[in-house]
Amino acid sequence: MRDIYEKVVELANRRGFFWPSARDVYAGAPAGFFVYGPLGLRMKDKIIALWRSKIVLLEGVHEIETPNILPIKVFEASGHLKHFFDKLIECKRCHSRFRVDKLIEESLGLKEHLEGLSDEELMRIIKEKNIRCPKCGSTKWTEIKKFNLMFTIAVGAEANEPNAALRPETTQGSVIEFRKSYIVMRGRLPFILGQVGKVFRNEISPRRALIRMREFQQLEIHIFFNSDDPDRIYKEKLEPYLDYKIRFLRKEDREIGEIVEMTAREALESGYTINSLITYWLVLYQKFFNESLKIPLERIRYRELIEGEKAHYALAHWDLEAYTEDLGWTELVNNTYRTDYDLSGHVKVSGNDLRVSDAEGRKILPHLYEPSIGLDRVLFHELMLAYREDGERTWLKLPRYLAPIEIATFPLMKKDSMPEKARQIYRELIKEGFIAFYDESGTIGRRYRRMDEIGTPICVTVDHQTMEDDTVTMRDRDTMKQVRVKITNLPEKARKFLRENIAIEDLQD
RNA sequence: GCGGCCGUAGUCUAGCUUGGAUAGGAUAUUGGCUUCCCAAGCCAGAGACCCGGGUUCAAAUCCCGGCGGCCGCACCA
């Protein structure tokens with residue numbers, strides 16, 4: 001099955017998970033922006049809730065919220081400005097494009113970078129040195145084109161020039177608020193901030209639905225730690241997981257594509273994962289994606305990035321990737337060791353001392369390790385991995401606790417007080433905290449299929465027998481099997497079924 | 001942004017080559033009949049030619065531009 005991608009996009013659009021923004025009303029609406037419909041939004045909230053319960057709360061993360069708009073100075077300090085305004089030039093013959101500075105540096109064998117030069121100066125070098133296209137050898141070039149990969153804006157009614165930008169990552173908010181957060185929370189190192197937030201990147205060509213968007217959402221953890229003592233706390237925390245196997249695609253294995261399973265102990269002791277802190281978080285996130293988000297281990301790997309692929313701020317960098325037949329390996333989490341790159345950048349540009357005191361009263365500029373989840377990509381992969389069809393029906397075999405509707409209640413027929421009874425059960429389920437849904441339109445079979453298609457794990461049906469003995473049937477989405485239970489036991493049983501990976505038969509009274 | 005292919009109801013699609021009268025079908029959806037445990041049937045309703053310009057008596061159809069989609073290249077901090 002190689003067309004699941006398209007089926008999921010179609011289903012998501014048709015049933016209200018997500019769809020392209022503004023397209024129906026304004027035909028030329030730009031790509032890369034998506035609406036989350038009612039079902040998609042619920043599911044997204046559930047993924048966030050799962051992350052909060054499994055990571056944020058357990059790991060002592062202080063979650064904060066920082067603005068989407070930040071002064072442009074911030075991005076000067078973070079290095080984004082320099083790296084976001086690429087100057088590209090295109091070969092007129094073969095249409096290959098190159099970064100102007102790289103082209104000149106590589107053609108002339110220069111070691112010095114040419115960042116300070118103006119467009120005119122760069123063009124003069126290209127003409128004078130007769131620089132050829134590395135691909136086809138032509139010397140005919142277009143003008144230099146600038147690619148602004150950040151959304152800049154003018155804040156203030158009188159501002160004409162851009163003085164701020166939409167953030168391309170939530171990290172900078174955490175970095176510039178780190179010291180304040182540390183003080184108000186009476187922090188000690190390692191000190192952890194977390195953010196759920198929208199970020200904005202002016203991608204050249206957004207593609208593949210939720211995979212590459214211009215506005216998307218990150219779940220970020222920012223761990224600030226003393227680089228002289230990266231094992232503090234984490235040596236003990238890692239202890240129970242030393243035999244846990246982490247799946248790596250190391251840079252030396254990239255050619256053959258072989259994934260190496262390394263125990264946390266091996267990874268740490270060989271120096272590959274640098275310190276206990278990083279090793280622990282690599283373990284934690286692999287476990288989270290496997291055990292909580294239910295992505296099979298064989299579809300998960302950490303891909304080690306090499307020079308040139310790594311972000312400008314990264315000392316070490318692994319992408320947690322997930323495999324699907326349609327999209328291949330896709331990055332879901334950016335795991336970067338950013339050192340003190342960001343903090344020291346802000347110290348330099350702002351002139352402020354951003355160091356904090358440790359327990360012994362020493363001033364420290366902490367290092368930063370950051371696992372950053374691309375939320376939209378995670379949701380999309382959950383849908384792709386859940387998609388099932390067997391010729392008869394289509395269903396989403398989602399982890400039960402991620403389903404946007406948890407339990408549906410139906411009257412078997414629209415008569416004999418069945419609708420009233422089913423509605424009453426529906427209301428009780430809502431009071432019990434379930435996301436419930438009531439439907440009486442169409443035949444019972446059609447209603448089951450509608451729920452299957454959006455991944456609703458349980459369908460409860462009120463039938464003739466209900467009216468006699470106050471029992472209902474509970475139907476399992478995946479097997480279509482039904483058991484009969486007392487209405488009074490329904491909430492408890494449904495809760496158990498949604499939380500635990502048990503069979504419907506185990507709920508029989 | 002470049003090259004190739006493409007754009008018709010919510011979804012899938014016929015029609016386009018060779019311009020012509022009410023844009024056809026399937027499915028989903030809404031109301032009614034049927035009364036029922038896995039997308040049954042019948043009746044009725046609503047719903048579309050991506051946007052703009054041009055050629056023409058006449059454009060879904062031909063031409064140009066824009067926007068968007070898919071694949072490849074590039075980009076992906």
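Excluded from the calculations below are hydrogen atoms, water molecules and symmetry mates; all remaining heavy atoms, backbone and side chain alike, are included. A, B, ... follow the sequence lines: proteins, then strands. Residue 1 opens every chain. If you're wondering where the values come from, they're calculated on a predicted model, not measured in any experiment.
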> For A:Tyr313, which contact category applies under a 4.0 Å heavy-atom criterion: base, sugar-phosphate, or nothing?
Replying inline: sugar-phosphate

> How long is the line joining CG of A:Asn202 and C1' of B:G1, in whole Å?
Replying inline: 13 Å

>> Would you say A:Asn13 places a side-chain N or O within less than 4.0 Å of OP1 or OP2 belonging to B:G10?
In response: no

> Relative to the 5' end of RNA chain B, which residue comes earlier, A:His317 or A:Arg15, by the nucleotide with the nearest heavy atom?
Replying inline: A:Arg15

>> Give the dot-bracket line for RNA chain B from 5' end to 3' end: parentheses for intra-strand Watson-Crick or G-U pairs under 3.5 Å, square brackets for crossings, | for inter-strand pairing, dots for unpaired.
In response: (((((((..((((......[...)))).(((((.......)))))....(((((..]....))))))))))))....

>> Strictly by ring pair (Phe, Tyr, Trp, His ring centres under 6.0 Å), give each pair with a member in residues 446-484 of chain A just once, sequence neighbours left out.
In response: A:Phe410-A:Tyr448

> Who are the salt bridge (Lys or Arg N to Asp or Glu O under 4.0 Å) partners of A:Asp390, not counting sequence neighbours?
Replying inline: none

> What string of B, S and - do you get for nucleotides 28-38 of chain B, 5' to 3', when a contact is any protein heavy atom under 4.0 Å?
Replying inline: SS-----BBBB

> Taking C-beta and beyond as the side chain, do A:Arg250 and A:Asp253 meet within less than 4.5 Å on heavy atoms?
Replying inline: yes

>> Rounded to whole Å, please give me the gap between CD in A:Glu10 and C1' in B:U13.
In response: 13 Å

> Between A:Leu327 (CG) and B:G72 (P), how many Å, whole number?
Replying inline: 11 Å

> For A:Tyr5 and A:Phe380, what are the C-alpha separation, side-chain angles and deciding distance, and is it a ring pair (Phe, Tyr, Trp, His ring centres under 6.0 Å)?
Replying inline: CA-CA 9 Å; A:Tyr5 165 82; A:Phe380 192 71; 5.7 Å; yes

Cut-off 3.5 Å, no hydrogens considered: what does the side-chain donor-acceptor table look like for residues 300-307 of chain A, sequence neighbours left out?
| from | atom 1 | to | atom 2 | distance (Å) |
| --- | --- | --- | --- | --- |
| A:Arg301 | NE | A:Glu321 | OE1 | 2.7 |
| A:Arg301 | NH2 | A:Glu321 | OE1 | 2.8 |
| A:Tyr302 | OH | A:Leu282 | O | 2.6 |
| A:Tyr302 | OH | A:Gln286 | N | 3.4 |
| A:Arg303 | NH2 | A:Glu309 | OE2 | 3.1 |
| A:Glu304 | OE1 | A:Lys251 | N | 2.9 |
| A:Glu304 | OE1 | A:Tyr272 | OH | 2.8 |
| A:Glu307 | OE2 | A:Lys310 | NZ | 2.8 |

> With the threshold set at 4.0 Å, does a side-chain nitrogen-carboxylate oxygen contact exist between A:Arg14 and A:Glu10?
Replying inline: yes

> In whole Å, what is the span from the CG atom of A:Leu305 to the P atom of B:C76?
Replying inline: 12 Å

> Could you give the CD-to-P distance, from A:Glu6 to B:U13, as a whole number of Å?
Replying inline: 10 Å

> For A:Phe200 and B:C76, what is the distance between atoms CZ and C1' respectively, to the nearest whole Å?
Replying inline: 18 Å

> Donor-acceptor pair, A:Arg299 side chain versus A:Tyr323 backbone, under 3.5 Å?
Replying inline: yes

>> I need the full list of salt bridge (Lys or Arg N to Asp or Glu O under 4.0 Å) pairs touching residues 214-225 of chain A, with sequence neighbours left out, sorted by first then second residue.
In response: A:Lys198-A:Glu215

> Do the ring planes of A:Phe151 and A:Phe200 sit parallel (below 30°), tilted (30 to 60°) or perpendicular (above 60°)?
Replying inline: perpendicular

> Taking atom C1' of B:G68 as reference, at what distance in whole Å does atom CZ of A:Arg214 sit?
Replying inline: 11 Å

>> Is there a side-chain contact between A:Arg208 and the phosphate of B:C71, meaning an N or O under 4.0 Å from OP1 or OP2?
In response: yes

